[in-house]
> 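Just passing along the structure, written as structure tokens.
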Amino acid sequence: SELKRAVPQAKLYVWNPSDREVRASVHAKCVVADDTLAFITSANLTSAALDRNVELGVLFRGGPTPKILRAHLDALVTTQIVTPWA
């Protein structure tokens with residue numbers, strides 16, 4: 001993916017494809033840098049989508065939200081609700 005090439009150290013996750021119980025369709029994207037910086041957007045994280053589409057996103061710098069998001073994402077990884085994207 002373009003994101004993985006641009007940020008090779010990034011960890012990318014998707015809904016676990018083997019979990020038939022999960023019937024979720026999620027368009028939101030969440031990027032958590034650390035406990036102080038996070039970004040949530042509806043945009044696909046490709047250059048074409050970011051350059052041509054009208055999307056909405058919010059950047060969190062500080063406050064409790066980045067830490068809460070990171071803990072939530074860590075729990076999704078631990079419980080294997082999301083798995084690494086190949």
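Scope of the values below: all heavy atoms of this structure, side chains included, with no hydrogens, waters or symmetry mates.
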> If you measure from OG on Ser42 to CG on Leu56, what distance do you get to the nearest 0.5 Å?
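With rounding to 0.5 Å, OG (Ser42) is 6.0 Å from CG (Leu56).
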> Determine whether Pro84 and Tyr13 make a side-chain contact, defined as any pair of heavy atoms from C-beta on separated by less than 4.5 Å.
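With C-beta onward as the side chain, the pair touches.
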> Using a 3.5 Å cut-off and no angle test, enumerate the donor-acceptor pairs between side-chain atoms of residues 58-79 and protein atoms at least two apart in sequence or in another chain.
residue, atom, partner, partner atom, Å
Thr78, OG1, Asp74, O, 2.9
Thr79, OG1, Ala75, O, 2.8
Thr79, OG1, Leu76, O, 3.4

> Can you find a pair of side-chain heavy atoms, one from Val14 and one from Val82, that are under 4.5 Å apart?
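The answer is no, as the side chains (C-beta and beyond) never meet within the 4.5 Å cut-off.
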